[in-house]
Amino acid sequence: MFDGLFDDFLVRAAFAGLGVALAAAPLGCFVVWRRMAYFGDATAHAAVLGIALSLTFSAPMFAGPLVVSLLMAILVTSLSGRCFAMDTMLGVMAHSSLAVGLVAVSFLSGVRIDLMAYLFGDILSVSTNDLLVIWVGAAIVITLIASRWSGLLLSTMNPDLAHASGFSPKREQFILTIALAIVVAVAIKVVGALLIAAMLIIPAATARPLSKTPEVMAVVAVIIAGTASLGGLQASYMFDTPTGPTIVCTSAALFLLSGAVWRIVNAFGRNEQSA
């Protein structure tokens, strides 16, 4: 039954986009709240080196990006503030790992690889096995966030209060790091290493002015990310454009629309108060 359902490549692409949206959107809320946008970008860039390692050792394609993204995130977290500022460390690690990954791939003999697919995504080529990896990864990320929601949220808003309440901000940061590495690993086939950060940040930023509580923001971000994935896939099919970038463009359009709606609602509210 399910084999027949996923025979159509567009159906697989749609489910892949929804799986990534389900994982990336709530995690993206914490990225926005903690101002970790560059951190997510750097972790995604490091995934290119992971692709080279997966090809070198004939490992599953998601394994290399997962390991390298996790190691890079842990390394930056542990080293930042000791010798250099966080943004400096992220800049060095992000561009270095991306460059090393691209160079390493060029040395692989007898291996044909479409770098554009890994840099900008190739959601239309997602297989049933890829779909399984994406949804298992999404389930793990959602479980991590849901089970640690109070600790993650309190550590984000007030680390001192979180520590006083029995939560360890460092442990919660490590959980976010693991979740981010998983999202990068599963999303690289959908939107590519260069666009993963956009799927983390834009839906969350779009949901922020439309939400009054963190929980509502996370739910709205998931809806926006899912809408952008399906809408971008449809637009890509209609206009014959690259699917990954089209999904991000759709997400950006929703961001602009939400900003316009927020300003109109605020202006209307002020007019009513003055009247």
Side-chain angles (χ1 to χ4, degrees), residues 16-17 19-20 23-24 27-28 31 36-80 89-123 125-127 129-141 144 173-201 243-245 247-248:
V20 170
L27 180 61
V31 171
M36 293 170 57
Y38 203 11
F39 188 88
D41 202 30
T43 306
H45 285 180
V48 177
L49 179 57
I51 292 169
L53 292 177
S54 289
L55 292 171
T56 301
F57 297 104
S58 300
M61 193 52 67
F62 72 91
L66 176 63
V67 172
V68 172
S69 298
L70 185 58
L71 289 176
M72 202 283 292
I74 294 174
L75 182 64
V76 170
T77 302
S78 61
L79 292 180
S80 63
M89 284 297 302
L90 287 173
V92 171
M93 297 298 293
H95 297 100
S96 298
S97 57
L98 177 61
V100 170
L102 293 174
V103 171
V105 168
S106 69
F107 280 109
L108 296 176
S109 59
V111 177
R112 296 186 62 185
I113 177 173
D114 182 8
L115 276 178
M116 293 294 288
Y118 290 104
L119 292 177
F120 298 102
D122 190 12
I123 191 174
S125 68
V126 169
S127 66
N129 289 335
D130 292 331
L131 201 57
L132 179 62
V133 170
I134 289 171
W135 276 90
V136 168
I140 293 173
V141 170
L144 282 174
Q173 173 69 33
F174 183 66
I175 291 173
L176 277 182
T177 299
I178 294 175
L180 185 60
I182 294 173
V183 167
V184 168
V186 301
I188 198 166
K189 190 70 176 287
V190 176
V191 290
L194 299 184
L195 300 177
I196 291 173
M199 288 302 293
L200 284 166
I201 299 164
T243 310
I247 290 174
V248 175

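Any value given below was found using the heavy atoms of this structure, including those in side chains, with hydrogens, waters and symmetry copies removed.
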- Message: Quick one, Leu200 and Leu180 - any side-chain contact, counting heavy atoms below 4.5 Å?
- Response: yes

- Would you please test Val67 and Leu53 for side chain to side chain contact (heavy atoms under 4.5 Å, CB included) and show each step? CA-CA 10 Å; Val67 172; Leu53 292 177; over 6 Å; no

- Given side chains that start at C-beta, do those of Pro245 and Leu195 come closer than 4.5 Å, heavy atoms only? yes

- Note on the structure: d(Leu102 CG, Phe107 CZ) to nearest 0.5 Å is 12.5 Å

- What's the shortest heavy-atom distance between Val126 and Leu131, and which atoms? CG1-N, 4.0 Å

- Query: Would you say Ile247 and Ile123 make side-chain contact, with heavy atoms under 4.5 Å?
  - Reply: yes

- Check: Ser69 side chain, Leu66 main-chain N or O, donor-acceptor pair, under 3.5 Å: no

- Validation row: Leu194, Leu98 side chains within 4.5 angstrom (heavy atoms): yes

- With a 4.5 Å heavy-atom cut-off, do Phe120 and Val191 have their side chains touching? no

- So, for Phe62 and Ala185, which heavy atoms are closest and what is the spacing to 0.1 Å? O-CB, 3.6 Å

- Message: On a heavy-atom basis, which atom in Ile188 and which in Ala47 lie closest, and how many Å separate them?
- Response: CD1-CB, 3.7 Å

- Which heavy-atom pair separates Gly101 from Ala52 by the least distance, and what is that distance? O-CB, 4.0 Å

- All salt bridge (charged side-chain N to carboxylate O under 4.0 Å, His left out) counterparts of Asp130, not counting sequence neighbours: Lys189

- Query: Taking only residues two or more places apart in sequence or in another chain, which ones pass side chain to side chain contact (heavy atoms under 4.5 Å, CB included) with Val31?
  - Reply: Met36, Ile201

- Item | Verdict with supporting geometry, Leu176 and Leu144, side chain to side chain contact (heavy atoms under 4.5 Å, CB included) | CA-CA 8 Å; Leu176 277 182; Leu144 282 174; over 6 Å; no

- Nearest heavy-atom neighbours spanning Val183 and Ala24: CG1-CB, 4.1 Å

- For Val141 against Ala179, the heavy-atom pair lying closest together: CG2-O, 3.8 Å

- Message: Working note: Val190 + Asp122, criterion side chain to side chain contact (heavy atoms under 4.5 Å, CB included); need CA distance, chi angles, decisive distance, verdict.
- Response: CA-CA 6 Å; Val190 176; Asp122 190 12; over 6 Å; no

- Message: Rounded at 0.5 Å granularity, tell me how far CD1 in Ile134 sits from CG in Asn129.
- Response: 11.0 Å

- Donor-acceptor under 3.5 Å (Ser54 side chain, Pro60 main chain): yes

- Query: Just how far is it from atom CE of Met61 to atom OG of Ser127, taken to the nearest 0.5 Å?
  - Reply: 11.0 Å

